[in-house]
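All remarks here apply to the structure that follows.
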Amino acid sequence: MEVSTSICNSQFPSPLPMRSCEVKNRTSVDDIKSLRLITAIKTPYLLNGRFDLEAYDALVNMQIEDGAEGVVVGGTTGEGQLISWDEHIMLIARMVNSFGRSIKVIGNTRSYSTREAIHVTIERGFAVGMHAALHISPYRGKTSLDGSVAHFESVLHMGPTIICNVPSQTGQDI
């Protein structure tokens, strides 16, 4: 995979040591297509508002035991719109490091902004080892069809990508 240096040297600050254009856990599109069961994992919280990582791990183990072959991290089921990018990437990295040999990790790296989606997908998500990305048309902005095509073309070359079709949020049925 060739990645332009403009993507790798973007202007996005990153306090995490995992900003890189190195792609770990190289997975093919065919590997992702062959998965029979992919589930979205919710993100449990403690009373103090922090993630309950023990409960999170228990949920993932239950998914694996019940036959899931892939898990979506930080999607709308996992409160993805409510957590920061640093939290997203921490959860993706935790999943990869703890469960990445047993299950494919699909990180929700969608964004209103194509530029931000590119940054989070390649420099952070694939850099920490996610196996595939989850994207959605730029939502609630009612992007044109040409705009959506351009958005997806910008991220599809980075690695396996699942495109989520949610017409009620995007105004488009892709």
Side-chain angles (χ1 to χ4, degrees), residues 1-3 18 20-45 51-83 85 87-111 114 117-139 145 148-149 151-174:
M1 173 177 81
E2 218 173 285
V3 178
M18 51 192 78
S20 167
C21 281
E22 179 185 346
V23 177
K24 298 175 178 73
N25 291 333
R26 174 59 80 193
T27 303
S28 73
V29 171
D30 288 338
D31 286 343
I32 298 301
K33 284 181 177 181
S34 73
L35 300 177
R36 293 172 295 145
L37 178 60
I38 300 171
T39 60
I41 194 84
K42 68 178 272 182
T43 307
Y45 290 85
F51 297 139
D52 185 342
L53 295 175
E54 286 182 25
Y56 192 83
D57 290 352
L59 289 170
V60 175
N61 277 318
M62 184 175 18
Q63 299 300 310
I64 293 169
E65 289 168 10
D66 289 343
E69 295 176 330
V71 176
V72 175
V73 178
T76 54
T77 302
E79 297 75 43
Q81 68 278 18
L82 303 176
I83 61 178
W85 283 121
E87 291 170 325
H88 261 90
I89 299 306
M90 181 277 296
L91 287 174
I92 292 168
R94 180 181 179 83
M95 284 288 298
V96 168
N97 291 326
S98 298
F99 303 101
R101 293 185 194 275
S102 303
I103 197 164
K104 298 294 185 194
V105 178
I106 297 126
N108 181 11
T109 56
R110 88 299 174 253
S111 177
T114 299
I118 291 168
H119 163 70
V120 174
T121 301
I122 191 70
E123 290 185 29
R124 299 189 75 192
F126 282 122
V128 300
M130 72 181 184
H131 300 99
L134 178 72
H135 284 278
I136 186 172
S137 292
Y139 39 94
L145 180 58
S148 288
V149 168
H151 177 81
F152 290 131
E153 285 178 345
S154 296
V155 296
L156 287 175
H157 72 280
M158 295 177 186
T161 301
I162 297 170
I163 298 174
C164 190
N165 187 29
V166 187
S168 63
Q169 290 187 8
T170 64
Q172 296 174 338
D173 187 357
I174 55 173

On the 0 to 90° scale, with breaks at 30° and 60°, tag the F51-Y45 ring pair as parallel, tilted or perpendicular.
tilted

Evaluation steps, side-chain contact (heavy atoms from CB on, under 4.5 Å), between I92 and R124
CA-CA 9 Å; I92 292 168; R124 299 189 75 192; over 6 Å; no

Could you walk me through whether M158 and I118 pass side-chain contact (heavy atoms from CB on, under 4.5 Å), step by step?
CA-CA 8 Å; M158 295 177 186; I118 291 168; 3.2 Å; yes

Reported CG-to-CG distance for the pair D30 and L35, which is rounded to 0.5 angstrom
11.0 Å

Check: D66 and L37 side chains under 4.5 Å, non-hydrogen atoms:
no

If I compare all heavy atoms of G74 with all of N108, which pair ends up nearest, and what's the gap?
O-ND2, 2.7 Å

Minimum-distance pair of heavy atoms, taken over all atoms of S102 and I64
CB-CD1, 4.0 Å

What closest approach, in Å, do V73 and I41 show between heavy atoms, and which atom pair accounts for it?
CA-CG2, 4.3 Å

Exam field: side chain H131 to backbone I106, donor-acceptor pair closer than 3.5 Å
no

Which pair of heavy atoms, one from W85 and one from R110, lies closest together, and at what distance?
CH2-O, 3.0 Å

Find the distance between CD1 (I38) and CD (Q63) and round it off to the nearest 0.5 Å.
12.0 Å

Please report the shortest heavy-atom distance between P44 and A55, naming the atom on each side.
CG-CB, 3.8 Å

Nearest-0.5 Å distance, CD of residue E87 to OG1 of residue T43:
9.5 Å

Please identify which of these residues, K33, R36, K104, meets the salt bridge (Lys or Arg N to Asp or Glu O under 4.0 Å) condition with E69.
R36

Within-4.5 Å side-chain heavy-atom neighbours: L91 and Y56
yes

Test side chain to side chain donor-acceptor pair (under 3.5 Å) on T121 and H135; report intermediate values, then the result.
CA-CA 9 Å; T121 301; H135 284 278; 3.1 Å; yes

Rounded to the nearest 0.5 Å, the CZ atom of R94 sits from the CD1 atom of I89 at a distance of 15.5 Å

Within the side chain of S98, is there an N or O that forms a donor-acceptor pair under 3.5 Å with the backbone of V96?
no

At their closest point, which heavy atom of A68 faces which heavy atom of T39, and how far apart are they?
CB-OG1, 4.1 Å

